[in-house]
Engineer: 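Take this structure first; my questions come after.
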Amino acid sequence: VFNSYTFIVFFILILFLHNLPLSWKSKKINLLFASYIFYAAWNPPFILLLWLSTVIDFYVGKSLYTQENHYKKKMLLVLSLIGNLGMLIFFKYGTFLLQNFVALCNIIGFDYHPAEPNIILPAGISFYTFTTLCYTIDMYQKRSEPVKSLLDFSLFVTFFPHLVAGPIVRPPQLVPQFESPRKASLKQFTDGLLLLTLGLFMKVVLADSMLSATADAVFEAKDVLHTLDAWIGVLAFSGQIFLDFAGYSTCAIGVALCLGFVLPQNFNYPYAAIGFSDFWKRWHITLSSWLRDYLYIPLGGNRHGKVKTYFALMATMLLGGLWHGANWTFVAWGGLHGLYLWIERYLKDRRNAA
C-alpha cells in the first residue's frame, strides 16, 4: 500500500530504474515486473489470475476486432464476459451466494448446511476486471483500435498505481502513453510528489487518525446516542470515507505523474454537488462513467421512454451497489441511490413539462 515504508523504498527504486539511460522497451519491462512485485507483496499466487485475465483478454480483444462473422463475434464476447465476470462472481460473491442459497433452503424447509467455503478475495479484482472488460467490449463495438503489443496491454492492466484501487482506466487513456518514451518533466515530478504527499495526508492523518476513532465510536455504540453525538459520527464518517478513497486516488495519480504518466481524475468536490446525479459525476468518476457507458446506456439509457429510463437507472445503481461489496446492505445502498435518482429525474421531467 502507498502508506507504508516498504512502498517508499520500492518507489525510490522504480524512479531510479525509470530514469536510467535504458531503452524504452526495457523501462516498460521494468515497470511491468515492478507492478507484479507490487501485487505479489499481498499474495503471490494470485499473480497467475491477473496474468491469465490479461493474456486471454488481449487475444480475445484482437479477435473481436478482426472477426467479421457476427455469430462468432458474439460468442467471443460471451467467452470474455464469462471469463471475467465468472472469476469476479466466484471470488467476490461465491460465499455471499452460498449463504443466501442456504438461507433460502432453510426457509422452504430443507435442512442444508454445507461446509463453510474458504475463498480469499484477490486484491483489486473488481478494478482490473472492469479494466479488461471495457477493452473487450470496446473491441466488439470497434470504439478503438486493438493494442498491438502484449507488453503494452499487460502494463495497461497491471500498472501498479491504479492496479489495486483505481482509478479505473480505459485503453485510450493509458495505452497511447506506453507507445513512446515517457519521462516526467521537473514540473510533473514536483506536482506528482505534491499529489502523493497530499494524498497520504488525506488518508493517513485525516481519515485513518483524526476521523476514524470518532466514526467507529459512534457507529459501534451500544447505547442510544445524543443527537449531537450521532451527527458528529455521521459527519466524521462522511469525511473519513471521502478522505480515505480520494486520498488513495490522489496518491495513485501522483505516483503515476512522477513517472511521466497521466491518470484520470477520480474525485471533483463531490460534497459540493447539487443533487444526486451531480454527485455521481463527481464521486469515483471513473466508476460512474464506466457504469454509465457499459451498463446504463446498453440497458437503454434515456433513449426508449421514461419507463425504460427508470429501469436502467435502478438496475445500474443496484449493480453498482453490489459491485462495492458482497452484502445486502450494499444492494440497499445502491437501491436508495437509484430511488433518489428516480425522484430527481421525475421532478426534472415535471419541471420541463410545465
Side-chain angles (χ1 to χ4, degrees), residues 1-15 18 31 34-35 38-39 41-42 123-124 126-128 130-131 155-170 173-174 177-178 182-215 235-273 278-291 320 323-324:
V1 291
F2 296 144
N3 53 317
S4 67
Y5 294 116
T6 309
F7 177 77
I8 294 172
V9 175
F10 167 83
F11 186 46
I12 290 171
L13 181 60
I14 296 308
L15 283 172
H18 192 65
L31 285 174
S35 298
F38 179 85
Y39 197 75
W42 168 73
S126 299
F127 289 92
Y128 71 71
F130 273 26
T131 298
L155 192 52
F156 156 70
V157 175
T158 62
F159 188 45
F160 71 89
H162 76 79
L163 176 59
V164 174
I168 299 171
V169 184
R170 303 190 195 185
Q173 294 173 318
L174 190 56
Q177 299 185 57
F178 297 136
R182 294 188 79 87
K183 181 181 173 183
S185 64
L186 180 60
K187 185 177 187 312
Q188 282 181 318
F189 185 74
T190 52
D191 286 351
L193 285 182
L194 176 64
L195 288 172
L196 177 58
T197 305
L198 176 62
L200 288 173
F201 177 77
M202 291 166 69
K203 179 166 175 51
V204 178
V205 178
L206 299 179
D208 294 348
S209 300
M210 290 183 65
L211 296 174
S212 63
T214 302
L235 293 173
F237 179 71
S238 300
Q240 182 193 4
I241 193 171
F242 166 71
L243 292 164
D244 181 86
F245 197 6
Y248 193 96
S249 291
T250 304
C251 287
I253 294 167
V255 166
L257 197 59
C258 286
L259 295 166
F261 300 98
V262 179
L263 295 182
Q265 186 179 5
N266 213 21
F267 289 87
N268 184 24
Y269 304 103
Y271 291 155
D278 188 34
F279 174 81
W280 282 109
K281 292 174 185 175
R282 296 165 173 265
W283 177 281
H284 203 347
I285 298 166
T286 56
L287 173 65
S288 300
S289 60
W290 197 101
L291 292 172
W323 180 87
H324 281 82

Engineer: Which pair of non-hydrogen atoms, one from R182 and one from H18, has the smallest distance, and what is that distance?
Structural biologist: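 Looks like O-NE2, 3.1 Å.
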
Engineer: A side-chain contact here means heavy atoms from C-beta on lying under 4.5 Å apart; do I14 and F38 qualify?
Structural biologist: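 They are not in side-chain contact.
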
Engineer: For A273, what residues pass the side-chain contact (heavy atoms from CB on, under 4.5 Å) criterion, not counting sequence neighbours?
Structural biologist: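 D278, F279, R282.
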
Engineer: Name every donor-acceptor pair, under 3.5 Å, that has one atom in a side chain of residues 189-199 and the other anywhere in the protein, sequence neighbours excluded.
Structural biologist:
residue: T190; atom: OG1; partner: L186; partner atom: O; Å: 3.0
residue: T190; atom: OG1; partner: K187; partner atom: O; Å: 3.0
residue: D191; atom: OD2; partner: K187; partner atom: NZ; Å: 2.7
residue: T197; atom: OG1; partner: L193; partner atom: O; Å: 2.7

Engineer: Between Q177 and G260, which heavy-atom pair has the shortest distance, and what is it?
Structural biologist: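 Answer, listing the atom of Q177 first, then G260: OE1-O, 4.2 Å.
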
Engineer: Under the side-chain contact (heavy atoms from CB on, under 4.5 Å) test, which residues partner S288, sequence neighbours left out?
Structural biologist: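 Partners of S288 under the side-chain contact (heavy atoms from CB on, under 4.5 Å) test: W280.
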
Engineer: Not counting sequence neighbours, list each pair that qualifies as a salt bridge (charged side-chain N to carboxylate O under 4.0 Å, His left out) and has a residue in residues 249-259.
Structural biologist: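 Applying salt bridge (charged side-chain N to carboxylate O under 4.0 Å, His left out) to every pair that reaches into residues 249-259, excluding sequence neighbours, yields nothing.
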
Engineer: According to side-chain hydrogen bond (donor to acceptor under 3.5 Å, both in side chains), who are the partners of S212, at least two apart in sequence or on a separate chain?
Structural biologist: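 side-chain hydrogen bond (donor to acceptor under 3.5 Å, both in side chains) list for S212, sorted by chain: empty.
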
Engineer: Using atom types as modelled, flag every donor-acceptor pair under 3.5 Å from a side chain in residues 235-247 to any protein atom, sequence neighbours excluded.
Structural biologist:
residue: S238; atom: OG; partner: V234; partner atom: O; Å: 2.8
residue: D244; atom: OD1; partner: K203; partner atom: NZ; Å: 2.6

Engineer: Please tabulate, for the side chains in residues 156-168, all donor-acceptor contacts under 3.5 angstrom to protein atoms that are two or more places apart in sequence or on a different chain.
Structural biologist:
residue: T158; atom: OG1; partner: S154; partner atom: O; Å: 2.7
residue: H162; atom: NE2; partner: F156; partner atom: O; Å: 2.9

Engineer: Which donor-acceptor pairs under 3.5 Å do the side chains of residues 3-10 make with protein atoms, sequence neighbours left out?
Structural biologist:
residue: S4; atom: OG; partner: V1; partner atom: O; Å: 2.8
residue: S4; atom: OG; partner: F7; partner atom: N; Å: 3.2

Engineer: Distance from M202 atom CE to F267 atom CZ, nearest 0.5 Å?
Structural biologist: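 Reported to 0.5 Å precision, the distance equals 8.5 Å.
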
Engineer: Applying side-chain hydrogen bond (donor to acceptor under 3.5 Å, both in side chains), can you list everything that pairs with S289, at least two apart in sequence or on another chain?
Structural biologist: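 Listed in chain order: R170.
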
Engineer: Would you check if Y39 and Y128 make a side-chain contact, meaning some heavy-atom pair closer than 4.5 Å?
Structural biologist: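 Yes, at least one pair of side-chain atoms sits under 4.5 Å.
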
Engineer: Is the shortest heavy-atom distance from the side chain of F11 to the side chain of L15 under 4.5 Å?
Structural biologist: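 Touching, per the 4.5 Å side-chain cut-off.
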
Engineer: What distance separates L257 CG from L263 CG, expressed to the nearest 0.5 Å?
Structural biologist: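 CG of L263 is found 8.5 Å from CG of L257.
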
Engineer: Please list, chain by chain and in numerical order, all residues satisfying side-chain hydrogen bond (donor to acceptor under 3.5 Å, both in side chains) with H284, sequence neighbours excluded.
Structural biologist: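 Only N266 meet the side-chain hydrogen bond (donor to acceptor under 3.5 Å, both in side chains) criterion with H284.
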
Engineer: The test is side-chain contact (heavy atoms from CB on, under 4.5 Å); show your working for F261 and I253 and say whether it passes.
Structural biologist: CA-CA 8 Å; F261 300 98; I253 294 167; over 6 Å; no

Engineer: Does the side chain of H324 come within less than 4.5 Å of L287's, by heavy atoms?
Structural biologist: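 Touching, per the 4.5 Å side-chain cut-off.
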
Engineer: Are the side chains of C251 and L200 in touch, meaning some heavy atoms are under 4.5 Å apart?
Structural biologist: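 C251 reaches L200 side chain to side chain.
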
Engineer: Write out all pairs satisfying salt bridge (charged side-chain N to carboxylate O under 4.0 Å, His left out) with one or both partners inside residues 245-256, taking only residues at least two apart or from two chains.
Structural biologist: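 Residue pairs passing salt bridge (charged side-chain N to carboxylate O under 4.0 Å, His left out), neighbours aside: none found.
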
Engineer: Enter the distance from F178:CZ to L174:CG here, rounded to the nearest 0.5 Å.
Structural biologist: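 The CZ atom of F178 sits 3.5 Å away from the CG atom of L174.
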
Engineer: With sequence neighbours excluded, tell me which residues meet side-chain hydrogen bond (donor to acceptor under 3.5 Å, both in side chains) with N268.
Structural biologist: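 side-chain hydrogen bond (donor to acceptor under 3.5 Å, both in side chains) check on N268 returns nothing, list empty.
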
Engineer: Tell me whether the centres of the aromatic rings in W323 and F127 are closer together than 6.0 Å.
Structural biologist: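 Yes.
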
